[in-house]
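Below: one structure, written as structure tokens.
Naming convention: chains lettered A, B, ... in sequence-line order (proteins, then strands); numbering from 1 in each chain. Remember, predicted model here, so these are calculated numbers, not experimental data.
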Amino acid sequence: MPELPEVEVTRLSFASRISGARVLAMHMGKPLRWPLGVAPSVVVGQTVLQVRRRGKYLLLDMERGVLLLHLGMSGSLNFATSQAPAGKHDHMDLITTQGVLRLHDPRRFGAVVWSESQDHEPALKLLGRLGMEPLTDGFELSAFQQGLKKRQAPIKQVLLAGDVVVGVGNIYASEALFMSGIRPTVKAQKLSGPRVTKLHTAIKEVLARAVAQGGSSLKDFVSAEGQTGYFQLEASVYGRAGLPCRVCHTPIKQIVQGQRSTFFCPLCQKH
DNA sequence: CCATATACCTGGCAGC
DNA sequence: TGCTGCCAGGTATATG
């Protein structure tokens, strides 16, 4: 569920609502990917200053540290208005003066980590090797090109790795490569300048469009299930194995790269 | 440094 | 209906 667009839409959906809130209590459920790092009581009493996003991580800046959240594969955040009973898969409740921020994550690949904001904190180390933010000016074509030039791995896997550019998950990697007419198996370093330019544009476009779409359903995003965004978007290739390409009607192919599914049109993405 | 495999965990679904 | 096997939006870590 959560690639960059959904994480960003999630952020937008609760950032203003929780900013300025003071933490009254914090409850953790079953273990997530990493331990919180401190007793939940450490977070109690702190005020949420702002909510930022870095890649697919959400960062709740507080007075004395940062609460880092990751949604993993199956996580979502929602606001429980009162003390509605936590369900089987609710693994964090942040009870604040402005509502209860609740993490729902069946597979528990997500994470909630507290970090006292200085350098060598393990939580912030997670952010250390992340690549460029695709929806900011920092995502410069020349830097993108330079990043790809070093890589011999297939372009799809380089996009997913997140150390050149962040936020492109398994769905949007396939979609962006389709948009730019690039075969996912091509070695990153073999892409010509013009093709890198196309890909650079496609990544920005596909992610920005998805954020906009998610944003349009923002009203019921939280109260509903937190999943409306993706289903509004029509995938060009993802999940469409065997179905006709929307452009040329050639059957879409599905392959496996790095144990993940990749989808592409063999005609529109010739090499 | 780089590329690839592995591990984490649960639910949904196709097929029998 | 129930079982089994496979698949799923991520990514740190180990291994070669």
Practice task
Ignoring hydrogens and angles, state whether a donor on the side chain of A/D105 or A/H91 is under 3.5 Å from an acceptor on the partner side chain.
Solution key: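 Checked: A/D105/A/H91 side chains show no N/O donor-acceptor pair below 3.5 Å.
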Handout entry: Check: A/S19/A/Q50 side-chain N/O donor and acceptor closer than 3.5 Å
Key = no
What nucleotide, of [options], holds the atom closest to the side chain of [X]?
X: A/H89; options: C/dT11, B/dT10, C/dA12; value: B/dT10
X: A/R151; options: B/dT4, B/dA3, C/dG10; value: B/dA3
X: A/K30; options: C/dA12, B/dT10, C/dA8; value: B/dT10
X: A/K150; options: C/dT11, B/dG11, B/dC2; value: B/dC2
X: A/R107; options: B/dG11, B/dT10, C/dA12; value: B/dT10
X: A/Q259; options: C/dA12, C/dA8, B/dA5; value: B/dA5

At 4.0 Å (heavy atoms only), tell me whether [X] reaches a base, stays on the sugar-phosphate, or touches nothing.
X: A/K187; result: nothing
X: A/S74; result: nothing
X: A/P31; result: nothing
X: A/R260; result: base

Rounded distance (Å) that lies between atom [atom2] of [N] and atom [atom1] of [X]:
X: A/Y172; N: C/dG10; atom1: OH; atom2: P; result: 11 Å
X: A/L159; N: B/dT4; atom1: CG; atom2: C1'; result: 17 Å
X: A/L103; N: B/dC9; atom1: CG; atom2: C1'; result: 14 Å
X: A/D163; N: B/dC2; atom1: CG; atom2: C1'; result: 10 Å
X: A/H91; N: B/dC8; atom1: NE2; atom2: P; result: 17 Å
X: A/D105; N: B/dC9; atom1: CG; atom2: P; result: 12 Å
X: A/M73; N: C/dA12; atom1: CE; atom2: C1'; result: 14 Å
X: A/K56; N: C/dA12; atom1: NZ; atom2: P; result: 10 Å

Exercise for the section: Any strand is fair game: report the nucleotide pairing with C/dT4 by Watson-Crick or G-U wobble, both distances under 3.5 Å, or none. Expected result: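 The answer is B/dA14, by the H-bond criterion.
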State, yes or no, whether a side-chain contact exists between [X] and [Y] at a heavy-atom distance under 4.5 Å.
X: A/Q269; Y: A/F263; value: no
X: A/T97; Y: A/V23; value: no
X: A/V164; Y: A/L159; value: no

Handout entry: Aromatic centroids of A/F144 and A/F139 separated by under 6.0 Å
Key =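 Yes, the ring of A/F139 comes within the 6.0 Å limit of the ring of A/F144, centre to centre.
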Completion exercise
Assert: residue with more 5' nearest nucleotide on DNA chain B, out of A/R33 and A/R108, is A/R33
Exercise for the section: Check the geometry between A/F109 and C/dT11 and answer yes if their rings are stacked (centres below 5.5 Å, planes below 30°), otherwise no. Expected result: no
